[in-house]
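Worksheet for the structure shown next.
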Amino acid sequence: MTSPRLDQPREIRRTLVPRPHYDPESFGQVSERIARFLGTARFIVYMTVFIAVWGAWNALAPPSLRWDPYPFIFLTLILSLQASYAAPLILLAQNRQDDRDRVQYEQDRARNERSIADTEYLTREIAGLRLALNEVATRDFVRSELQALIKELDNRDPRP
């Protein structure tokens, strides 16, 4: 029997119990929405009101109507459960944002490289035009040459 190669994917294993399938993109979008909500002042206000009502009810209500007496163990359990789900959702949302940022940085880098290449091309073209213009006679040069020629013709002796 040969050992499996690391450069090739493994064969798909058949399992007796099928794995649940979920769409990672839609799950990521939901996690981003939850993470955005968890990072708002609205969530903090809602959570504060919820805890205050919970504590007030279980401290001030008649003993027969209280469901979580003073140490509030059930409230602690609920808050721990909420935190244990919130942390991975926030991390997933951060990873998706990092991926988007990485793509944006790569696009910006490619755009900057194209801009630099275009600028270098235009610089070379302008330098070429300057060199070509130095070899072309300017209007002032032609005028001065014509004026010198006219003076020379005026100063010339009319006799053949």
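Starting from 1, each residue takes its place in the sequence as its number.
- Taking CD from Gln147 and CZ from Arg143, the interatomic distance works out to 8.0 Å, rounded to the nearest 0.5 Å.
- Taken to the nearest 0.5 Å, the CD1 atom of Ile51 stands 5.5 Å off from the CE atom of Met47.
- The structure places OG of Ser31 at 9.5 Å from CG of Asn95, a figure rounded to the nearest 0.5 Å.
- The hydrophobic side chain of Val103 is isolated, with no ILVMFWY side chain under 4.5 Å apart from it.
- Cluster membership check: Leu65 shares its hydrophobic cluster with Leu75, using side-chain heavy-atom separations under 4.5 Å among Ile, Leu, Val, Met, Phe, Trp and Tyr.
- A donor and an acceptor atom, one from each side chain of Gln104 and Asp108, are located under 3.5 Å apart.
- Here the straight-line distance linking atom CD of Gln94 with atom CG of Leu91 works out to 5.5 Å at 0.5 Å rounding.
- In this structure the side chain of Glu120 never reaches within 4.5 angstrom of the side chain of Glu125, judged on heavy atoms.
- Within the 3.5 Å criterion, the main-chain N or O of Trp57 finds no donor-acceptor partner in the side chain of Arg66.
- In this structure, CD on Gln97 lies 4.5 Å from CZ on Arg100, to the nearest 0.5 angstrom.
- Heavy-atom minimum distance, Asp99 versus Arg102: OD1-NH1, 2.9 Å.
- Transitive grouping of hydrophobic side chains (ILVMFWY, heavy atoms separated by less than 4.5 Å) brings Tyr70 and Leu79 into a common cluster.
- Listed by chain and number, the residues in a side chain to side chain contact (heavy atoms under 4.5 Å, CB included) with Arg130 are Ile126 (sequence neighbours excluded).
- The minimum heavy-atom distance linking Pro71 with Thr76 is given by the pair O-OG1, 4.4 Å.
- Salt bridge Arg111/Glu106: absent, no basic N to carboxylate O contact under 4.0 Å.
- Heavy-atom contacts from other residues, nucleotides or ligands closer than 6.0 Å to CZ of Arg42 number 12 or fewer.
- Here the closest heavy-atom approach between residue Asp68 and residue Ile73 is recorded as OD1-N, 3.2 Å.
- When every heavy atom of Gln82 is checked against every heavy atom of Leu38, the shortest pair comes out as NE2-CD2, 3.8 Å.
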side-chain contact (heavy atoms from CB on, under 4.5 Å) between Leu92 and Phe27, worked out: CA-CA 10 Å; Leu92 179 62; Phe27 187 78; 3.7 Å; yes

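- In the hydrophobic clustering of ILVMFWY residues, with side-chain heavy atoms under 4.5 Å counting as a link, Leu131 and Leu122 come out apart.
- By the 6.0 Å contact criterion, CZ on Phe43 is enclosed, its count of non-hydrogen atoms from other residues, nucleotides or ligands being greater than 12.
- Not one N or O on the side chain of Trp54 forms a donor-acceptor pair closer than 3.5 Å with the backbone of Phe72.
- Trp67 and Val53 are assigned to two separate hydrophobic clusters, defined by single-linkage of ILVMFWY side chains at heavy-atom distances under 4.5 Å.
- Separating the CG atom in Leu89 from the CZ atom in Phe37 is a distance of 13.0 Å, to the nearest 0.5 Å.
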